Novice: 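Take this structure, written in structure tokens, and hold onto it; I'll ask about it next.
Counting begins at 1 with the first residue of the sequence. Computed from a predicted structure; not experimentally measured.
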Amino acid sequence: MSDTQQTLMPLHSPEPDANHESPPNPTQPQPASPDPTRTAISTATAPAPSLLHLSFNQDSGCFAAGTDRGFRIYNCDPFREIFRRDFGPGGGTSLVHMLFRCNILAFVGGGPEPRHPPNKVMIWDDHQSRCIGELSFRSEVKGVRLRRDRIVVVLAHKIFVYNFADLKVLHQIETIANPKGLCEVSHLSGTMVLACPGLQKGQVRVEHYASKRTKFIMAHDSRIACFSLTQDGRLLATASSKGTLVRVFNTLDGSLLQEVRRGADRAEIYSLAFSPTAQWLAVSSDKGTVHVFNLKVDSGLLGLDRSNSSSESNPSSPTAVSSLKFMKGVLPKYFSSEWSVAQFRLQEGLQHIVAFGHQKNTVVILGMDGSFYRCQFDSANGGEMTQLEYYNFLKTDETF
């Protein structure tokens with residue numbers, strides 16, 4: 001059977017007198033209804049669940065955690081648990097994604113005891129406290145991305161783009177083997193940009209849906225390990241399986257705008273994140289250090305407003321370019337590399353994802369051990385970041 005075939009089947013309400021409804025407009029957040037699966041935050045002692053997945057929402061103001069018992073939703077600033085859905089044993093959720101702060105989520109079953117088969121994307125309406133639809137495939141779902149108007153589902157060799165209103169397929173994209181489910185979409189309303197692996201090793205495919213243009217970018221010689229888009233989709237940051245260099249491209253013409261160096265040793269890059277104004281780029285890897293790089297992209301060309309960022313126009317803002325740059329062409333490229341401005345040290349080997357906080361010059365770091373860090377970096381002098389907050393968000397005996 002082909003892995004690329006899919007079926008759409010509405011889920012009927014568990015209540016016998018209720019009928020299936022089309023997904024509500026996701027731009028209209030609704031308060032959640034009381035439900036037995038909705039667990040209040042309690043100080044009662046209970047074993048911490050096993051974490052299966054972490055994801056920030058589209059503006060990094062919240063994050064979702066998929067566990068072996070269900071999922072939890074947290075606010076980043078101030079840090080607090082918003083709610084949790086505890087399905088009990090057999091509630092494994094390997095992927096969970098929010099749609100900004102509204103009542104719609106998408107999740108996929110996983111773990112030793114999955115809530116749903118791993119080949120189905122469940123659309124959950126927390127206002128109705130139930131699943132309102134599902135997307136079924138012939139193979140395991142590797143990734144999901146949400147926009148207000150689209151749902152993107154990633155399989156091992158194919159990507160499907162659906163219209164959110166009626167769950168109709170709009171586009172199908174063939175990719176190279178994509179076991180990590182790599183795919184990113186822009187989030188500004190009106191225009192959609194999608195980035196995904198191409199059909200060649202090291203290639204990224206960028207779809208500009210407004211202009212109906214496709215751009216192929218040969219980003220690396222090795223396979224693509226991670227990438228990220230700006231909110232408007234005009235900038236793309238990429239890292240390969242080597243994990244030493246991160247490259248920033250213009251998605252409109254595919255030009256290389258900047259190259260920065262994470263380090264000299266191979267590393268697995270876990271996440272890349274642009275700041276809202278694309279002034280900074282954060283990188284996390286298995287080496288246990290989160291790096292922040294200063295980007296030098298012309299914000300005027302990108303239509304970005306950096307007027308509220310004082311360090312943007314500060315000529316003394318660090319560039320961390322090697323002092324041996326004057327010998328470029330004589331010494332290996334390593335010595336003329338641009339290095340990170342700020343760093344934060346974490347446990348090596350543990351997977352962390354990173355995003356920029358809503359407070360100035362801050363990053364939020366989430367670990368697969370349940371750790372939440374908020375750190376601040378010095379935009380003028382760089383160096384080691386300052387830890388502002390730390391929580392273990394899996395501990396049920398903590399109140400926030």
Side-chain angles (χ1 to χ4, degrees), residues 3 140 142-143 145 152 154-159 173-185 193-207 214-230 233-274 281-293 295-297 320-322 328-329 331-340 343 346 348-354 368:
D3 286 345
E140 181 179 344
K142 300 296 186 179
R145 296 293 182 269
V152 180
V154 187
L155 306 182
H157 291 88
K158 196 161 189 177
I159 291 174
I173 302 172
E174 301 277 353
T175 70
I176 197 171
N178 188 13
K180 296 170 69 174
L182 299 178
C183 182
E184 296 297 335
V185 295
V193 180
L194 179 149
C196 65
L199 288 170
Q200 301 178 41
K201 182 178 65 174
Q203 183 185 69
V204 179
R205 173 174 178 162
V206 182
E207 292 288 336
T214 302
K215 190 70 186 177
F216 292 94
I217 299 173
M218 284 304 303
H220 300 273
D221 294 330
S222 306
R223 65 175 177 83
I224 300 294
C226 189
F227 53 77
S228 179
L229 286 171
T230 49
R234 296 194 188 187
L235 294 182
L236 169 74
T238 67
S240 75
S241 55
K242 290 183 179 178
T244 53
L245 298 174
V246 176
R247 291 175 174 145
V248 179
F249 296 90
N250 181 334
T251 63
L252 296 172
D253 61 12
S255 60
L256 175 63
L257 301 176
Q258 192 170 345
E259 179 181 275
V260 297
R261 181 174 289 276
R262 179 212 54 81
D265 299 329
R266 293 181 71 101
E268 182 179 357
I269 302 297
Y270 290 136
S271 71
L272 299 168
F274 287 98
L281 178 71
V283 181
S284 66
S285 75
D286 64 349
K287 292 299 184 183
T289 302
V290 170
H291 295 270
V292 172
F293 297 89
L295 299 184
K296 303 173 183 62
V297 177
V321 178
S322 168
K328 185 176 182 180
L331 294 173
K333 191 174 183 181
Y334 173 89
F335 292 102
S336 61
S337 296
E338 292 186 44
W339 296 80
S340 60
Q343 308 82 33
L346 297 157
E348 189 170 342
L350 183 67
Q351 185 169 353
H352 293 87
I353 63 172
V354 63
M368 287 299 288

Novice: To check you understand the geometry: which heavy-atom pair defines the closest contact between Lys215 and Asp253, and what is its length?
Specialist: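 Lys215 and Asp253 have their closest heavy atoms at CE-O, 3.1 Å.
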Novice: Using atom types as modelled and distance alone, determine if a side-chain donor or acceptor of Thr251 lies under 3.5 Å from a backbone N or O of Leu236.
Specialist: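 Flag not set: sc Thr251 to bb Leu236 has no pair under 3.5 Å.
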Novice: Which distance, rounded to the nearest 0.5 Å, do you find between the OG1 of Thr238 and the CG of Leu272?
Specialist: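 Here the interatomic distance stands at 8.0 Å.
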Novice: Can you see which heavy atom on Arg205 is nearest to which on Ile173, and at what distance?
Specialist: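 Residues Arg205 and Ile173, closest heavy atoms: NH1-CG2, 3.6 Å.
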Novice: Looking only at non-hydrogen atoms, find the nearest pair between Ser271 and Ile353 and report the distance.
Specialist: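 Heavy-atom minimum between the residues: OG-CA, 3.4 Å.
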Novice: Evaluate whether atom NZ of Lys180 has more than 12 neighbouring non-hydrogen atoms of other residues, nucleotides or ligands under 6.0 angstrom away.
Specialist: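 Correct, the count exceeds 12.
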Novice: Could you walk me through whether Cys183 and Leu194 satisfy the side chain to side chain contact (heavy atoms under 4.5 Å, CB included) test, starting with their C-alpha distance in whole Å, then the side-chain angles of each, then the deciding distance to 0.1 Å, before giving a yes or no?
Specialist: CA-CA 7 Å; Cys183 182; Leu194 179 149; 4.0 Å; yes
Novice: List the steps, then state whether side chain to side chain contact (heavy atoms under 4.5 Å, CB included) holds for Glu207 with Thr214.
Specialist: CA-CA 5 Å; Glu207 292 288 336; Thr214 302; 2.9 Å; yes
Novice: What is the distance from atom CG of Asn178 to atom CD1 of Ile159, rounded to the nearest 0.5 Å?
Specialist: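 If I round to the nearest 0.5 Å, the distance is 6.0 Å.
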Novice: To the nearest 0.5 Å, what is the distance between OG (Ser284) and CD (Gln351)?
Specialist: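 Answer for the OG-CD pair, Ser284 versus Gln351, is 7.5 Å.
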Novice: Mind checking the CZ-CD spacing from Arg223 to Gln203? Nearest 0.5 Å is all I need.
Specialist: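 Rounded to the nearest 0.5 Å, the CZ-CD separation comes out at 16.0 Å.
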Novice: So, for Val204 and Ala195, which heavy atoms are closest and what is the spacing to 0.1 Å?
Specialist: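 Looking at all heavy atoms of both residues, the closest pair is CG1-CB, 4.2 Å.
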Novice: Do you know which two heavy atoms are closest between Leu199 and Thr175, and how far apart they sit?
Specialist: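 In this case the closest contact between Leu199 and Thr175 is CD2-C, 3.7 Å.
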Novice: Give the C-alpha distance, both sets of side-chain angles, the deciding distance and a yes or no for side chain to side chain contact (heavy atoms under 4.5 Å, CB included) between Phe249 and Val206.
Specialist: CA-CA 11 Å; Phe249 296 90; Val206 182; over 6 Å; no
Novice: Within a strict 4.5 Å, meaning less than it, do heavy atoms of the Met368 and His352 side chains meet?
Specialist: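 Counting from C-beta outward, Met368 and His352 never come under 4.5 Å.
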Novice: Quick one: do Glu338 and Lys296 satisfy side chain to side chain contact (heavy atoms under 4.5 Å, CB included)? Show the steps, please.
Specialist: CA-CA 11 Å; Glu338 292 186 44; Lys296 303 173 183 62; 2.7 Å; yes
Novice: Please report the interatomic distance CD(Glu268) to SG(Cys226), rounded to the nearest 0.5 Å.
Specialist: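 So the CD of Glu268 and the SG of Cys226 are separated by 9.5 Å.
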Novice: In the structure I gave you, are the side-chain heavy atoms of Leu155 and Lys142 within less than 4.5 Å of one another anywhere?
Specialist: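 Leu155 vs Lys142: side chains apart.
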Novice: Rounded to the nearest 0.5 Å, how far apart are CG of Leu182 and CD1 of Ile176?
Specialist: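 One gets 11.0 Å once the value is rounded to the nearest 0.5 Å.
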Novice: What pair of heavy atoms forms the shortest contact from Ser285 to Arg262, and how long is it?
Specialist: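 Looks like OG-CD, 3.9 Å.
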Novice: Is Asp221 atom CG crowded by more than 12 heavy atoms from other residues, nucleotides or ligands, each under 6.0 Å away?
Specialist: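 No, the 6.0 Å shell around CG holds no more than 12 heavy atoms from other groups.
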